Amino acid sequence: MHGTILKSVLLSAVVAGSGTVLAEVDEAARTEAARNASMELIQKLGGTLQQEMKTAGPAAAITVCRDVAPQIAGELSRRNGWRVTRVSDRVRNPMLGMADDWEAGVLEEFHHQVEAGRKPAELEFTEVVTEADGQRYFRYMKAIGTKPVCLTCHGEREQMPADVRQAIESAYPHDQAVGYSAGQVRGAVSIKQPLPAEDS
Ligand code: HEC
């Protein structure tokens, strides 16, 4: 459904859902602000994870990916007046992380891009979407790559440390967020900003 649009605008333009295009400046500014917020989330989370894994060990670090990510996303949401979330097409926590249809389409395209040789860190996507009630949103996604440090908890089950595996299996019996390898797209930061009504 999204295939053609996605391919043509990946990393570039904002395409409006209903034939309008955001003013050039607004588009660029929104994209940059969304990119900065996403990078802040990815970098803060990665840094805290690395540190906690080293000092307290992987079993203790489970709370970092669980609690720190939504905390940072929450801060970014409040500070900017957007909805900032972390989503995936293979979730551990279906409550917080499950992608909606638009997000699932973008993630699918991100996977294709990585198969074609792109790095997750290069992948972002923007679009103006009009929902059924007529409200327009600026939507942005930035891919979250799988780093070696992520594999302790998102790699092959058999290779997870026993205490980590046990803790994760008992807390998340429906876990789908395993079996990744480094360099794959683990998910994305997804940002949704309500746009003012169009004057037409
Ligand atoms: C110490 C274990 C651990 C490590 C290491 C870890 N995670 Fe997680 N991750 C989790 C847990 C537990 C959850 C579920 C959090 C929740 O309950 O919301 C999760 C959830 C996620 C989610 C949200 C989507 C989902 O699956 O529910 C993303 C995205 C994610 N992790 C990415 C990463 C990335 C990227 C790295 C490496 C930089 C990483 N994780 C490292 C334990 C870990």
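Because the structure is a prediction, the values reported are computed rather than measured. In what follows, residues are counted from 1 in the order of the sequence shown. As the structure lists them, so they are numbered: ligands from 1, and atoms in each ligand from 1.
With Lys119 contributing its side chain and Gly183 its backbone, the two residues share no donor-acceptor pair below 3.5 Å. The backbone N or O of Gly97 sits nowhere less than 3.5 Å from a side-chain atom of Ser88 that would complete a donor-acceptor pair. In this structure, Gln135 contributes its side chain and Leu195 its backbone to a donor-acceptor pair below 3.5 Å.
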Measure from every N or O atom of ligand 1 to the protein's N or O atoms and keep only the pairs below 3.5 Å, writing each with atom names and distance to 0.1 Å.
from, atom 1, to, atom 2, distance (Å)
ligand 1, 7 (N), His154, NE2, 2.9
ligand 1, 9 (N), His154, NE2, 2.9
ligand 1, 17 (O), Asn93, ND2, 3.3
ligand 1, 17 (O), Tyr172, OH, 2.5
ligand 1, 18 (O), Asn93, ND2, 2.8
ligand 1, 26 (O), Arg92, N, 2.9
ligand 1, 26 (O), Arg186, NH1, 3.1
ligand 1, 26 (O), Arg186, NH2, 2.8
ligand 1, 27 (O), Arg92, N, 3.1
ligand 1, 27 (O), Asn93, N, 2.9
ligand 1, 31 (N), His154, NE2, 3.0
ligand 1, 31 (N), Arg186, NH1, 3.3
ligand 1, 40 (N), His154, NE2, 2.9

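Listed here is the closest heavy atom pair of Val189 and Val84: CG1-CG1, 4.0 Å.
Sorted by first and then second residue, the pairs that involve residues 31-49 and meet salt bridge (charged side-chain N to carboxylate O under 4.0 Å, His left out), not counting sequence neighbours, are Arg35-Glu124, Glu40-Lys44, Glu40-Arg79.
Between Arg139 and Asp100 there is a salt bridge, with a side-chain nitrogen of the basic residue lying less than 4.0 Å from a carboxylate oxygen of the acidic one.
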